[in-house]
Amino acid sequence: MNDDLKGAGPGAPDADGDAERNDFIRAFVREDLAAGRNDGRVHTRFPPEPNGYLHIGHAKAIMINWTLSQEFGGKFNLRFDDTNPEKEDVEYVESIKTDVRWLGADWEDREFHASDYFDQLYAWAQHLVREGKAYVCSLDEEQIREWRGTVTEAGKASPDRERPAAESLDLLERMRKGEFSEGKYTLRAKIDMAHPNMKMRDPLLYRIRRVPHHRTGDKWNIYPMYDFAHGQSDAIEGITHSLCSLEFEVHRPLYEWFIENLPVPYKPRQIEFARLKLTYTVMSKRKLLQLVKNNHVAGWDDPRMPTLSGLRRLGYTPTAIRRFAERVGVAKRDSTVDLDLLKWSIREELNREAPRVMAVLRPLKLVITNYPEGQVENITCENNPEDPNAGTREVPFTRELYIEQDDFREDAPRKYFRLKPGGEVRLKHAYLVKCEDVVKDAAGNVVEVRCTYDPESHGGSSPDGRKVQGTLQWVSAAHAARVEVRLYDNLFRVPFPEEGGADFLENLNPDSLEVITDALVEPGLGQVAPGYRCQFMRLGYFFADPVDSKPGAPVFNRTATLKDSWAKLEAGGKPE
RNA sequence: UGGGGCGUCGUCAAGCGGUAAGACACAAGGUUUUGGUCCUUGCAUUCGCGGGUUCGAAUCCUGCCGCCCCAACCA
């Protein structure tokens with residue numbers, strides 16, 4: 001279970017016994033295969049820009065590309081779209097590789113960078129100029145915008161549109177050498193200033209940026225724009241199906257224009273699908289960056305973040321994320337998936353895999369008055385009712401225990417079947433105990449419940465078959481380990497943090513994190529290694545934080561709660 | 001008002017002319033030493049709306065309505 005950073009391993013899309021998937025992308029691929037295109041190859045790629053950490057939305061894209069390549073016996077590349085050095089950084093490159101590997105997508109030795117192709121791209125730019133299909137433009141940023149026209153009005157030609165090729169070539173070369181300041185010139189394709197698709201109105205190919213690049217250093221003073229770099233990079237790598245999100249649909253004609261007008265070695269096909277959106281969070285890298293920069297969270301890997309590093313730290317597994325991506329499907333419809341589906345994906349796995357242990361978050365002392373003082377009994381506890389092979393463990397039981405404050409109520413509603421005065425409950429795996437008395441502090445708060453136990457109920461059985469409705473987890477006061485527990489909840493308090501043009505920061509959930517520094521857990525848990533996953537019985541699934549846990553002092557992050565139908569009942573006002 | 005997309009259950013999503021899969025959510029029962037899990041059952045006579053074609057349409061045609069994307073020297 002401790003696969004925190006080892007990754008899922010190359011692997012196969014989770015064999016789920018599912019029928020063959022047949023979304024519209026796979027249909028296209030089958031069509032291409034049937035038509036004998038691409039020599040029967042299928043080659044995809046995941047092309048992140050290294051300007052932020054990957055999030056769950058990227059996981060969807062990664063899995064679509066990766067599983068597609070695997071299902072058709074093809075290949076999968078990782079390519080960094082690093083054409084904008086101002087925003088990019090090696091820190092991001094490293095985190096991205098870690099995350100993609102963790103998910104189990106294997107690019108083998110095919111880690112590429114658009115920057116690997118800068119020389120080729122430059123040569124192709126010169127080619128277009130020579131062909132009279134590109135020119136160096138001297139309009140400034142604002143002029144370019146104005147001259148481009150609007151969606152309903154045609155744009156007008158740049159005064160440099162007919163600049164002789166030789167002159168453009170010379171200017172381009174000088175741009176490259178760094179003879180001009182940023183913004184002085186741009187290289188533009190000569191297409192159609194009246195084109196109904198704005199992207200086709202003489203788009204920029206290169207802009208001057210006199211900043212060093214994290215990989216090419218100060219070699220370049222000009223950098224290619226996304227449109228000029230992306231498709232050609234696909235072509236160079238022999239990508240057969242270039243998958244991207246819906247907003248690039250309007251770029252497709254441009255993508256194809258370059259492919260048609262350049263002597264590229266291959267003609268890839270761009271296919272667009274809807275990106276993933278989730279309720280109760282935000283997904284844009286810009287907004288996530290803002291959360292990090294303004295310290296609304298502790299970093300890109302804060303467990304409340306929808307980043308893969310955040311989810312990993314929360315306790316999610318690669319498998320759960322993969323299953324989630326499968327369930328979400330692929331289509332072209334803008335959609336927002338219910339966060340519950342993600343949560344369900346991790347619960348499903350952990351219910352099957354996670355060992356059950358006992359922990360008390362908010363301790364309330366329980367004394368068994370008829371239990372011998374000083375006696376310690378080792379209670380055999382089943383590790384996982386869902387897994388017969390999980391075995392058992394021994395947990396010490398004594399006269400003084402702690403139970404959850406929530407599990408005792410002096411004035412209990414009718415359907416409350418936990419501990420109450422005069423009531424009897426089962427202490428999981430141990431004995432039946434009956435509440436005889438309570439001890440209160442000066443303020444009238446119950447600080448101790450005094451019970452008697454039934455010695456005949458060893459193991460928690462009911463000796464005479466009497467009905468005992470409640471079963472509580474417990475820890476021995478003398479043996480319990482004290483640990484820090486972090487209870488994470490949704491980052492936002494509303495499903496759509498930006499609905500109605502709202503400032504998403506206004507909708508942050510003030511209770512997204514509750515830190516409990518003195519939770520009590522059964523003794524063995526105090527020595528658990530970082531990355532350990534378990535279920536705190538009746539409370540939820542927990543993960544020993546890989547960053548803040550120390551030897552002998554694990555910090556537990558709540559990965560997910562358990563479904564709580566009592567809470568729902570009570571909230572619904574029906575318990576009485 | 002130009003161009004490109006999309007509209008099937010609360011949320012995703014199958015369906016591609018033969019009479020609405022599945023998942024999550026929700027609801028009701030059952031099992032249960034986790035008010036967890038599991039099991040059973042229910043949950044779109046209807047596919048944005050209106051016409052048309054057809055023996056038959058969510059699937060074809062047509063008109064309308066709604067939502068998203070495009071006027072960064074971002075990707």
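Only a predicted model underlies this, so the values are computations on that prediction, with no experimental measurement involved.
Here H251(A) lies in heavy-atom contact (under 4.0 Å) with a base. Within 4.0 Å of T83(A), counting heavy atoms only, lie sugar-phosphate atoms of the nucleic acid but no base atom. Base contact: R426(A) has a heavy atom under 4.0 Å from a base atom. If you check every strand for non-hydrogen atoms under 4.0 Å, T471(A) touches sugar and phosphate atoms only. Within 4.0 Å (heavy atoms only), R252(A) reaches no atom of the nucleic acid at all. Within 4.0 Å of D564(A), counting heavy atoms only, lies no atom of the nucleic acid at all. The residue K428(A) sits close to a base: some heavy atom pair falls under 4.0 Å. If you check every strand for non-hydrogen atoms under 4.0 Å, L539(A) touches nothing.
Checked by distance alone, E272(A) brings no side-chain donor or acceptor within 3.5 Å of a matching partner on the base of G4(B).
Per the stacking criterion (ring centres < 5.5 Å, plane angle < 30°), Y226(A) does not stack onto the base of A75(B).
Taking the ring centroids of Y316(A) and F324(A), they lie at or beyond the 6.0 Å cut-off.
The phosphate of C24(B) has neither OP1 nor OP2 within less than 4.0 Å of any side-chain N or O from S345(A). Residue R538(A) places at least one side-chain N or O under 4.0 Å from the OP1 or OP2 atom of G35(B).
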